2 protein chains.
Amino acid sequence: MSSGETSYRERKVISIGTVSELTGLSVRQIRYYEERKLVLPHRTNKGTRKYSFTDVERLMEIANHREDGVQTAEILKEMRKKEQRELNKAGLKKQMLRGQINAQFQRGRP
Amino acid sequence: MSSGETSYRERKVISIGTVSELTGLSVRQIRYYEERKLVLPHRTNKGTRKYSFTDVERLMEIANHREDGVQTAEILKEMRKKEQRELNKAGLKKQMLRGQINAQFQRGRP
DNA sequence: CGTGTAAGGAATTCTGACACG
DNA sequence: CGTGTAAGGAATTCTGACACG
């Protein structure tokens, strides 16, 4: 709604080999987590996967959960819940901001 | 001095093909600018180049200068001057901060 | 000086599959 | 279920060199 330019954190520019080094996961594991919908890399014209730093962080979280023996289906559910909580939080902030702006108008001080 | 973790902006994780797409420069051009010391990518064990977003921005600046017919040697000088100015600025900030902290101590309110 | 291109080789990535468990 | 691996092919990257200007 404001910038237009995606931030560095979310730009999908990292290839799978680099992601493997960054996360310590094998290329096979990274592809498998995509199959299970845990990460959604961008695909270039020629079909190669590109990841963002956000994806890398997400993969590290997944790695931690897997180490604890959590199955991919569970991890997926957890992450979806978490995202929902974050959306709510963002929505709440927006509401409060709107409230403040309205209050300003009421007092006749735009 | 504080974090230890490099920020996303400076992490060298982007390969040359992607940089080419991001900047609109040819791979040949990007390699040539390295030869002329205008950009300094990281080299992996196997010798492939990895760039940061900062490098990408720098390359776009280079592209602009080249469009204006500026030679690489000139661009290099300009960029070095600019960096020097930025280091000075950072140094000045640090000095001022130190001054403020000292002032607090003088008043006996640490 | 700055950039394109063909050359030959090494390393990457992709998919679908079999293996183990 | 989650991961390794060999298979075959396509695309990437690297270097040194010749070309043009």
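Source: prediction; values computed, not measured. Proteins get letters first, then strands, A, B, ... in listed order; numbering begins at 1 in each.
Checking Val27(A) against Lys50(B), the closest nucleotide of DNA chain D that is more toward the 5' end is the one next to Val27(A). In terms of position on DNA chain D, the residue among Glu35(A) and Arg43(B) whose nearest nucleotide sits closer to the 5' end is Glu35(A).
Applying the 4.0 Å criterion to OP1 and OP2 of dG2(C), one finds that Tyr33(B) has every side-chain N and O outside that range. Taking only side-chain nitrogens and oxygens, Arg49(A) never comes nearer than 4.0 Å to OP1 or OP2 of dT13(C). Phosphate contact (OP1/OP2 of dG2(C), side-chain N/O of Tyr32(B), threshold under 4.0 Å): present. Remark: Ser15(B) is not in phosphate contact with dT12(D), judged by side-chain N or O atoms under 4.0 Å from OP1 or OP2.
Arg66(B) comes within 4.0 angstrom of the backbone, heavy atoms only, and of no base. Here Arg31(A) lies in heavy-atom contact (under 4.0 Å) with a base.
Counting only heavy atoms from C-beta on, Gln71(A) has its side chain closest to dG2(D) among dA17(D), dT3(D), dG2(D). Distance from the side chain of Arg36(B) is smallest to dG2(C) among dT12(D), dG2(C), dT5(D). Proximity note for Thr48(A) (side chain, C-beta onward) versus dG4(C), dT5(D), dC14(C): the nearest is dC14(C). For Ile16(B), taking side-chain heavy atoms from C-beta onward, the closest of the listed nucleotides dC14(C), dT3(C), dC14(D) is dC14(D). Out of dT13(D), dT3(D), dA11(C), the shortest distance to the side chain of Lys46(B) is found at dA11(C).
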With side chain to side chain contact (heavy atoms under 4.5 Å, CB included) as the criterion, how do Asp55(B) and Val19(B) come out once you've worked through the C-alpha distance, each side chain's angles and the decisive distance to 0.1 Å?
CA-CA 9 Å; Asp55(B) 293 329; Val19(B) 172; over 6 Å; no
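When Watson-Crick and G-U wobble pairs are counted only if both distances are under 3.5 Å, dT12(C) pairs with dA10(D). Across the strands present, dG2(C) finds its partner in dC20(D); the criterion is a Watson-Crick or G-U wobble pair with both atom distances under 3.5 angstrom.
Here the C1' atom of nucleotide dT13(C) and the CZ atom of Arg28(A) are 14 Å apart, to the nearest Å. One atom, CG of Leu38(B), and another, C1' of dT3(C), lie 15 Å apart when rounded to the nearest Å.
Ionic pairing of Lys77(A) and Glu74(A) is present here: one or more N-O contacts between side-chain nitrogen and carboxylate oxygen are shorter than 4.0 angstrom. Between Lys50(B) and Glu21(A), no side-chain nitrogen of the basic residue sits less than 4.0 Å from a carboxylate oxygen of the acidic one, so the salt-bridge criterion is not met. Taking the charged nitrogens against the carboxylate oxygens, Lys89(B) and Glu86(B) have no contact shorter than 4.0 Å, which rules out a salt bridge.
Residue Arg80(A) places its CZ atom among 12 or fewer non-hydrogen atoms of other residues, nucleotides or ligands, all under 6.0 Å distant.
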